[in-house]
Colleague: 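Following this message is one structure expressed as structure tokens.
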2 protein chains.
Amino acid sequence: MTTLPPMIHVVDDDESLRTALLRLLGAAGFEARGYASTGDFLLQPPPDRPGCLLLDVRMPGPSGLDLQATLRCQSNPLPVVFLTGYADVTASVRAMKAGAVDFLTKPVEREALFEALQRALDRDAAQRVARAEAERLRAAFAALTPRERAVFDRIVAGQINKQIADTLGIAERTVKLQRAQLMAKLGANSAAELGRLAERLQHLPD
Amino acid sequence: MTTLPPMIHVVDDDESLRTALLRLLGAAGFEARGYASTGDFLLQPPPDRPGCLLLDVRMPGPSGLDLQATLRCQSNPLPVVFLTGYADVTASVRAMKAGAVDFLTKPVEREALFEALQRALDRDAAQRVARAEAERLRAAFAALTPRERAVFDRIVAGQINKQIADTLGIAERTVKLQRAQLMAKLGANSAAELGRLAERLQHLPD
DNA sequence: GAGACTATTGGACGAAAGGGCAATGGAGCT
DNA sequence: AGCTCCATTGCCCTTTCGTCCAATAGTCTC
């Protein structure tokens, strides 16, 4: 899994500002791409690649806040930094409550912008790691048969094989077999690891 | 552990507004208390009691943001809702980044205020549950001797008693004893539970 | 030094876990 | 029916776990 360099998506209807931002970001070593509107960005779905968004708030058509709300519903949303010319407290609070990394006002200082974008990229990287981890976990559990899953639940509940066999109405030998199978599927080498997996699974968004 | 009803701490230098807010909150069934300044609030440290803060931003002396920053450093900070008469995007973003529940502007609508305060109280309740849980966990682990802790680490790493005895340079018999002791101290009945505890401990802020 | 206390160890026993081998029985396919 | 495939089970064996009683060595207190 080769990690692509991150890309910053700049959505602003002011073309001169947009190109200036792209040039500034490019000069700083960032890969960046511009979009004249929310629709432009949604029409060109970027490949699943590390990055973040730099959004204007007020634009003809859907606003930056609308775009943020839309992206939040999808599976792998990129972190958002807002950059607006209008001092709108309501919008800023709404954006931050919706998870924006920062909400900057034009004219923006170079350092403030870069600092915010870097935080957004860091957050994206962290989210990617966490999502990949969650995905692996989910896939591993999805590979379990219903019976294996039932045995798993009772193991982590502290039951011993005999009790599990009893409550499930199957032979203890079968429990042992399914126990070995589920541990193999989950890549666990001990009951303690099963407990750790159970705890992590429980705390996954679902 | 009897849960006291939550209290809303209103910090605002405008006395007429403050009393109006207290009356409004009282009429809505909230327990509320007023403070004329940040210093007043800090001088009267409220007992550790469920609640939240309703803060003005601009006040003579330390601002609401200063108070928020100070409270964030203590162990059990109450959630903060800001209520300000000045439309200051910079302040609102700073407040939200620092974890404020909401940032409202005067004049505020009744429902918006109550909704924000309710969210703050809900967050406080959730934080209290999480903190109590974390505290219990930490206390349980603090009761372990260094040797028991070492054995615990190796158990959750998947080592069996014989290996643990070998790496620690002690007899297997001793490992068994310490294993039983640490499980008793942690209230665990199975290796799987030890794994769960290890996972939870790892994700505690520390 | 005597006594108390803790940590550690040895030996031993029953229960449980892990796994190999073979048999059973049902579902599905030819 | 004949066949394979797979889940289930019984039997047996070894290893590990959990726990009993007893004993040793070291530390701390009086």
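Below, read A as the first sequence line, B as the second, and so on, with proteins coming before strands; counting in each chain starts at 1.
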Colleague: Enter the inter-axis angle for the ends of the helix from dG1(C)-dC30(D) to dT30(C)-dA1(D) (five pairs per end, rounded to 10°).
Modeller: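 Comparing the axis at each end, I get an angle of 30°.
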Colleague: The criterion is salt bridge (Lys or Arg N to Asp or Glu O under 4.0 Å); which residues satisfy it with K162(B), sequence neighbours excluded?
Modeller: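 Here no residue qualifies.
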Colleague: Which residues satisfy the salt bridge (Lys or Arg N to Asp or Glu O under 4.0 Å) test with E31(B), sequence neighbours excluded?
Modeller: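 If we apply the salt bridge (Lys or Arg N to Asp or Glu O under 4.0 Å) test to E31(B), skipping adjacent residues, the hits are R49(B).
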Colleague: At under 4.0 Å between heavy atoms, what does I170(A) touch on the DNA or RNA strands: base, sugar-phosphate, or nothing?
Modeller: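 Result for I170(A) = sugar-phosphate.
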Colleague: R94(A): what forms a side chain to side chain donor-acceptor pair (under 3.5 Å) with it, not counting sequence neighbours?
Modeller: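 Result, side chain to side chain donor-acceptor pair (under 3.5 Å) vs R94(A): none returned.
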Colleague: Can you list the residues that meet the salt bridge (Lys or Arg N to Asp or Glu O under 4.0 Å) rule with E193(B), with sequence neighbours excluded?
Modeller: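 By the salt bridge (Lys or Arg N to Asp or Glu O under 4.0 Å) rule, E193(B) matches no residue at all.
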Colleague: Which residues pass the side chain to side chain donor-acceptor pair (under 3.5 Å) test with D66(B), sequence neighbours left out?
Modeller: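 Partners of D66(B) by the side chain to side chain donor-acceptor pair (under 3.5 Å) criterion, ordered by chain and then number, come out as S63(B).
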Colleague: Applying side-chain contact (heavy atoms from CB on, under 4.5 Å), can you list everything that pairs with A134(A), at least two apart in sequence or on another chain?
Modeller: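 Residues passing side-chain contact (heavy atoms from CB on, under 4.5 Å) with A134(A): R138(A), L204(A).
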Colleague: Please list, in 5' to 3' order, the outermost nucleotides of DNA chain D lying under 4.0 Å from any heavy atom of chain A.
Modeller: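 In short, chain A contacts DNA chain D from dT8(D) to dC11(D).
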Colleague: Who are the salt bridge (Lys or Arg N to Asp or Glu O under 4.0 Å) partners of K185(A), not counting sequence neighbours?
Modeller: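 If we apply the salt bridge (Lys or Arg N to Asp or Glu O under 4.0 Å) test to K185(A), skipping adjacent residues, the hits are E148(A).
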Colleague: List, with names and distances, any nitrogen or oxygen atoms from the protein found under 3.5 Å away from nitrogen or oxygen atoms belonging to nucleotides 18-20 of chain C.
Modeller:
| from | atom 1 | to | atom 2 | distance (Å) |
| --- | --- | --- | --- | --- |
| dG18(C) | OP2 | R179(A) | NE | 2.9 |
| dG18(C) | N7 | K176(A) | NZ | 3.1 |
| dG18(C) | O6 | K176(A) | NZ | 3.2 |
| dG20(C) | N7 | R173(A) | NH2 | 3.4 |
| dG20(C) | O6 | R173(A) | NE | 2.6 |
| dG20(C) | O6 | R173(A) | NH2 | 3.0 |

Colleague: Please collect all side chain to side chain donor-acceptor pair (under 3.5 Å) contacts where either partner lies in residues 169-178 of chain B, sequence neighbours excluded, each pair once.
Modeller: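 For residues 169-178 of chain B: none.
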Colleague: Listed by chain and number, what are the side-chain contact (heavy atoms from CB on, under 4.5 Å) partners of E111(B), not counting sequence neighbours?
Modeller: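 Counting only residues at least two positions away or on another chain, E111(B) forms no side-chain contact (heavy atoms from CB on, under 4.5 Å).
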